[in-house]
Protein chains: 2
Amino acid sequence: MAFAEPSDRKGPSILGVDPWVSDTRKTGKKRELLSEAERSRLAVIASIVRFKKGEDIYRAGDRADAIFNIISGVAKSYSGKGGDRIVAFLFPNDLFGLSEEGRYTNAARALTPVTAYRLPVSVLRSRLSRDALLEYHVICKLCEELRQSQRHAFLLGERRADVRLATFLQMLEQLQVAKGDTAGEIYVPMDRSDIGEYVGLSLAAVSRTFGSLVRHNVIKFRDRRWLKITDRAAFDRILADGAGRRTVRRGRNP
Amino acid sequence: MAFAEPSDRKGPSILGVDPWVSDTRKTGKKRELLSEAERSRLAVIASIVRFKKGEDIYRAGDRADAIFNIISGVAKSYSGKGGDRIVAFLFPNDLFGLSEEGRYTNAARALTPVTAYRLPVSVLRSRLSRDALLEYHVICKLCEELRQSQRHAFLLGERRADVRLATFLQMLEQLQVAKGDTAGEIYVPMDRSDIGEYVGLSLAAVSRTFGSLVRHNVIKFRDRRWLKITDRAAFDRILADGAGRRTVRRGRNP
DNA sequence: CGGCCGGTTGAGTACAATCAATTCTGGTGG
DNA sequence: CCACCAGAATTGATTGTACTCAACCGGCCG
């Protein structure tokens, strides 16, 4: 099984990098932030929960009494009165249910079968207040999520559909590289409409744009969920293109 | 001077809410997260820095050796190879320069004259590792920034220009309410092109859309930077409208 | 006074949304 | 193993909306 099914069950796990230490030498890989001791200490207060594909993990407005740490599977955090608009995709080792204020502000739903640790907020808080190192690691993870969200916003700021999709694919790829997954092929666990809700395009536009990328031999699908970038140069050109012509530049180079 | 010039100089300040305690009774107001003691302890390691309007605070790729806490003024955090695309506006009490990895991933520039505390990362880290409460408050602030960034992404996911601008104005308004500023009028410290770079519209579109809102008596400008919402119902209707017609809804209510 | 900066406005165009078939796929039961 | 179904995905035709290019305005500064 190629896509990150962590085999260990030592306890909650957070993957990330220390925002202030440049110990990762540009490999793009993340490391486990929690020590074995921390993980097993958290394991004590955590319970393991499972969700079927399509099942709600929590709803917006629910009392936020737990945070989750995905062990396997993929989920989405979404909002918008219509329930469309995906805020983030949640992958193994991600922490979520966080970033609310007494109540969840987004909803979360499993896109594939999901197994996760459930950490009650009450217990977690008291643990946090006594464990400075753990808090520090949470801070690292939050910085990471913040960056991710900013990249998402960046993506959405782009007008052209091909740039948006290429950026999205790049995010997926980097994520999988960071996990140490075999690069070469990109796994797309979510369906086209989820992608549309994330990148801000209609389902039709996603499909059309993928089609166009395939026709131009930039990417190639093995099946609905696995694809390969067949022309990296062209791919990068699309990404760079977004940075190129932007409006607003009132008086730049003639 | 109406716009939040904090008169005290007791030390760095973080405004926010505890994400897990619903002590704010829906007032939308935020409170100081740091105690006097914490603030003065931070003040010891902080220096006060000033930036002229338009001046760079840091550039993307610079060694990230300090984080900042704005005392007065407004700045922007921006990126994009062209330097367009604003990631966030930074207001008094905000914490930034954070969320990077050894180096700043965005650049920051003062939009108005800015006064800020500068906290060297090295000192801050050791302080953090010993002060669990401070760490906790940083976590609270990060959650807040994360939510803010998600709202930004949400805004950018909207297609129509009027909805985007209305959402933006609502964010500004809530921010000012949270600070306890006189509501009624909204202060817009940034110029039209900055707004465009934030909401993902061309300068022309921003101007046009403002014009249209004014013509429809939804808002009214006192001058370039001060406006009032003259028809709250219409305004809310625009906001709600975004949630209404969305694509992708494949099989919802008949 | 002239230039520049921030902003407004107009005409034409490009791009994605929409509506609406149609095809493909994977799963189910005969 | 195949026929069938429902949901996912593709594709086509048309329309809406914001971008682009470009002219133009008004204030401010030297």
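Residue numbers begin at 1 in each chain, while the letters A, B, ... track the order of the sequences. Side chains are part of it too, since the values below use all heavy atoms of this structure and drop only hydrogens, waters and symmetry mates.
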Distance-only donor-acceptor test, B/R208 side-chain atoms vs C/dG10 base atoms, 3.5 Å: yes
Separation of atom CZ in B/R192 from atom C1' in D/dG27, rounded to whole Å: 15 Å
A/R224 or A/D162, whichever maps to the more 5' nucleotide of DNA chain C: A/D162
d(NZ, A/K53; P, C/dG26) in whole Å: 11 Å
A/S202 side chain, from C-beta outward: closest of C/dA16, C/dT18, C/dT9: C/dT18
d(CG, B/D191; C1', C/dG6) in whole Å: 7 Å
Between C/dC15 (C1') and A/L201 (CG): distance, integer Å: 11 Å
DNA chain C: 5'-proximal contact among A/D223 and A/A161 (nearest heavy atom): A/A161
Candidates D/dT11, D/dC19, C/dG7 - which lies nearest the side chain of B/S207: C/dG7
Atom pair distance, as rounded to whole Å: CZ in A/R160 and C1' in D/dA18: 15 Å
Distance, rounded to the nearest Å, where A/F210 contributes CZ and C/dA16 contributes P: 14 Å
Under the side-chain contact (heavy atoms from CB on, under 4.5 Å) test, residues paired with B/N217 that sit two or more places apart: none
Nearest-0.5 Å distance that lies between atom CD1 in A/I195 and atom CE in A/M190: 6.5 Å
Closest to the A/R215 side chain, choosing from D/dC19, D/dT20, D/dT11: D/dT11
Separation of atom CG in B/L156 from atom C1' in D/dA18, rounded to whole Å: 15 Å
Interatomic distance where CG belongs to A/L203 and P belongs to C/dT22 [whole Å]: 18 Å
Whether A/Y104 and A/Y58 hold their rings parallel, tilted or perpendicular, with breakpoints at 30° and 60°: parallel
Minimum-distance pair of heavy atoms, taken over all atoms of A/G73 and A/I70: O-CG2, 3.7 Å
Axial cation check for A/Y187 ring with A/R225, 6.0 Å and 45° limits: no
